[in-house]
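The structure under discussion appears below in the form of structure tokens.
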Amino acid sequence: MGIEFNANDNGLGFGNFPGKISWFEFLLDKSLLEAYLKQDTTTESVAVDLIIDFLRNATEVNGDQVSSATQVSQTVPVLTSNQNSLAGSIGVEGIPVEPTVAPVIETEKETKKVVALKLLALKVASYLKWDLNLLEKKLPLPMQQTLLTYLQKITTNTEQNLVQEFPLNDLSVDGRFAHVLLYRWQLRAAVLGIYPTKQSRGLNVQIPGQVDPMYVPQETVDTIRRKVLEKVEQAAQSLKNLLEDRLDLRMPHIECFETLDEDKSTPNFEWEKGKLLLFEDVACQVSYDLGCYHFYKENYQEAKEDFCKASSLFPKLQNPVMCQVEEAKLKGYCQACGIITPIVSTPESLQERLVTSVKEGFKDLVKLLQEDNIKREISLPIRSEIQLEVLKKMGSQSRLYREVSVCNIVSEVLDGKMAWNCPSEFFLGEDREKFLCECLKPLVTTKQMVNLNAFLRILSELYPGVKATLKKEGILSQLNLELEDPEHEHFPAEPVVPASIPEGSLSGVGHLEGELLAARDPNTIITLVSQIQSAPGSRPLWSINYKWELSKSLTNMLKGMPAGLQRDRLYVYVSKATELKGIKLFAQARQLFRLVEEETRAMLPWLSSAVNWELLHLDLTEILETKGNCDFFRQEVIQQTSACVRAFLRDKDTPPRRDLVELCAVTLLNLQEWELLCQIETRRDGTLQFASLLGSICRDICTNKAGRFTATGFWNSVLPMFGRVGTVYQQKRLSSGTAKDVQRDGILSRLSFMALVQKIKNSLVLTVILSFLTKVYNILKDDCNSEVSLEYGELWPTVIERQDDYSQTPVIECLQATLLHALTAYPNHHYWLKTQGDVLFAQGHYSATLKNYLSAAVVTTDYFSQLLPQGIFDDQLIGKMIVCCTKLHCHTQAAVLCQYQEEVNYTTAFRALSERYCNDSCDTFYQHIWDVSLLEYLVNQHVRRGDVERRRTLLRLMGNLELNINNNEEIQHEAANIRKGRFLRALAHQYL
């Protein structure tokens, strides 16, 4: 529901209110306004529209009085407290009032109609609870000023111009509220003035009777903000005094304002009907506004104090009246100022609390684990890691380790796993038995009854003392668990543990297994395995850790061995070696693998051969991961990789794994063994064929014999992986001259392709792959304005047959992933930085585009100490940088960059300099302009705008001797180069 302006009678139309109501009807009927505001369909926007219409009509009425007056008593600046007209708004017949000064009519000449309309506007504002967030968003700036200054005048009952100089202690609670509201508005207006805003759209030609009340000339806004800045320090100090003195405020209610009628010329205000505000409510809002102001002034220490006070008060407010602080913004300011204390204590997850507990020395760790046994949020692997961490730092004899172990055993039982590790020292003893009952009591539920029954039955058979405690605490009765056998209930059960398992043996095995899980030294691992196997009552070694995973081939080979201690021992050695390789402890893993290889060389040659492949995989992984120098054993690595590839192709009894073959192919590419790659038989494997084709292209490039024949083979073999769903067909010319569609399958899938690319480290190989992907992307996108630059572009075909059969999305995904990997390996490769900038430009990421272009410039010019290379930074790239700056609304930067082109683009530069609203610092970049024509254009612009200071600055810049057009070319080039480097350094400081 909105308000309709009627050009004929200046009325208001309310669609959901009975009849059509004009604005003056609210003057005639005192109760009409309150009745209308109480309607369910009256929104905040409709209420604000009422304020706008009341103040607009009050201004027009007062404007008529001004125009009919023969004299104006005085002229005062716009920002005064007893100002009656709306400064800077639209006057009679749509003519704007002069923004610098405003006529002020004496109070006795102010008509009752004007006073009544302003009182109606105040009543609506009180209905909105004086919400500055809403008023600032919806009301024009001059109307905000008029509304607040008039409230200040009537609450203080004064006509003086310097009401703001009155101490708050000397004012009434109502006048104090009006002053505080105005002070807050001044602080917020000063802060909001720094943000660039677009001019609100209004009628360019003011038609009589159709004045847009929302249109405010920019000069008026600038004048008001200038006056606000003059008084803002005084407002901030007054608000500080308010907080220090803890002064009370009373917010005026809608019933406090009386509407004038024909019989009454002076309003009577019933201020006692206002609402007395809590000091915490006021202090929170005022502290937040002060913090925003100090943050804007870059007084971060004072801002931190204010935000800290606001954040401490904010959670205490139950039903705030004055405080309209947004929690998200307050949190953001607190984080920016380094305030660690959260505003509202949001509950952390169990995993977050667990991390905090470990950082604080395992504080309340047992309580967290017991809570997790109920909520089931933390995974078993994480709990196992915590248990090992406690074992390392606290030792196996500590109470904390014992209780953590018991909690984890219970957690495993609840997950349905068999609890193998139940040492007696975890459960025997009065305090330990009570702790077990403490863990079990909250868990006696229907869902977990089956798992707990099985666990407690085993535990009670092992430790009779635990069984007695469970009965005493009522755990067994709650589970309906009867441990005695019904058929032999008259015979006492014999103790099983002392007769079958020596005392303390389970405890020792459990500790050994825990140490084995945490061990990383090969000698320690060997010793622990021997001790566990010789201990009585130990379980099979392969069941110690369910996370141990081996390759399928090794698992099958170990399963094929006869069951016994040797099989279990070898399984643990290989598993721990694989685990150590995964955490990049290559030397320790290599020692364990060699131990297995030596032990199986004579008796189990097939297993020994498989372990040798694991050793080769380990060596190649170490070279790839650590970027180590393998020159001293380069030939040995090449021989082993060649032997591995041959063994894979011959299908021996123990062929190497496919991932090892892929690693061999990648290693040969990284070692630049082009000839060896070209000699490999590749028909049976796509990975080897891919590596062979890449090696052929790189060999031709290195020997300066690069041609399209080899590259075309690579193109035809790899391109089909970008086809859409279905089969890709290509035309093949037969000997008869007719064309035939031939099905073409790719040698690799996209996932395999990207997995291989992530392992390639050689810069030439990565350049060829990037060149291929970029060429495909350019052809499919077919947009000359956003074409991506590439190296070795002459290698590839210029068209793709059946282009509609291919998808652009997987191409750009592969290109971006490859660029990311390449720049991670070689972050200073200038051409790749340029390519990535081109890709981002094509996608519309303009800020990131400038970042990559500037990074390339930093690399090639040694941080702009040299000239930009023309081969990289050509007119096309400069043009893209200009477009980026324009899209980011940095028009001054775009104009400066226009000078970098071989022929200055004056059309684009003039259009950029004529833009009034910019996101850059505008005149800060004038010093980087060396083209006199651009400087002259700027001088003309600022003269037309009346900006004297900037005109003087430009004239001073034009007066520099090195910019004289009569200078020789050497001086002019030197002046231009100095300004180029200075400007690019400024851009790098902004974007990098």
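The structure presented is a predicted model; accordingly, all values stated were derived computationally and were not measured.
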Pairs meeting criterion ring pair (Phe, Tyr, Trp, His ring centres under 6.0 Å) with involvement of residues 750-779, two or more places apart: Phe690-Phe753, Phe714-Phe772, Trp715-Phe772, Phe772-Trp796

Residues in side-chain hydrogen bond (donor to acceptor under 3.5 Å, both in side chains) contact with Gln566, at least two apart in sequence or another chain: none

Considering residues at least two apart in sequence or located in another chain, which fulfil the side-chain hydrogen bond (donor to acceptor under 3.5 Å, both in side chains) criterion with Lys581? His617

Contact between Ile526 and Tyr573 at the side-chain level, heavy atoms closer than 4.5 Å - yes or no? yes

State which residues pass side-chain hydrogen bond (donor to acceptor under 3.5 Å, both in side chains) with Gln816; sequence neighbours excluded, sorted by chain then number. Gln843

So that I can tick it off, tell me whether Glu622 and Lys584 are bridged by a salt bridge, with the cut-off set at under 4.0 angstrom between side-chain N and carboxylate O. no

Side-chain heavy atoms of Leu790 within contact of Asn778, under 4.5 Å: yes

Donor-acceptor under 3.5 Å (Ser786 side chain, Ala842 main chain): no

When you check the gap from the basic side-chain N to the acidic O, do Arg594 and Glu597 get nearer than 4.0 Å? no

Can you give me every donor-acceptor pair (side chain of residues 672-679, partner residue at least two apart or in another chain, under 3.5 Å) with its distance?
from   : atom 1 : to     : atom 2 : distance (Å)
Glu673 : OE2    : Arg634 : NH2    : 3.1

Please list all pairs meeting side-chain hydrogen bond (donor to acceptor under 3.5 Å, both in side chains) that have one or both residues in residues 746-755, counting only residues at least two apart or in different chains. Ser749-Ser752

Could you check if a side-chain atom of Arg520 sits within less than 4.5 angstrom of a side-chain atom of Ile583, using non-hydrogen atoms only? yes

Side chain to side chain, Cys644 and Leu616, heavy atoms closer than 4.5 Å: yes

With a 4.5 Å heavy-atom cut-off, do Ile638 and Leu671 have their side chains touching? yes

Within a strict 4.5 Å, meaning less than it, do heavy atoms of the Trp832 and Glu791 side chains meet? yes

Nearest heavy-atom contact between Asn408 and Ser384 is ND2-N, 4.3 Å

Are any non-hydrogen side-chain atoms of Leu764 and Cys702 less than 4.5 angstrom apart? yes

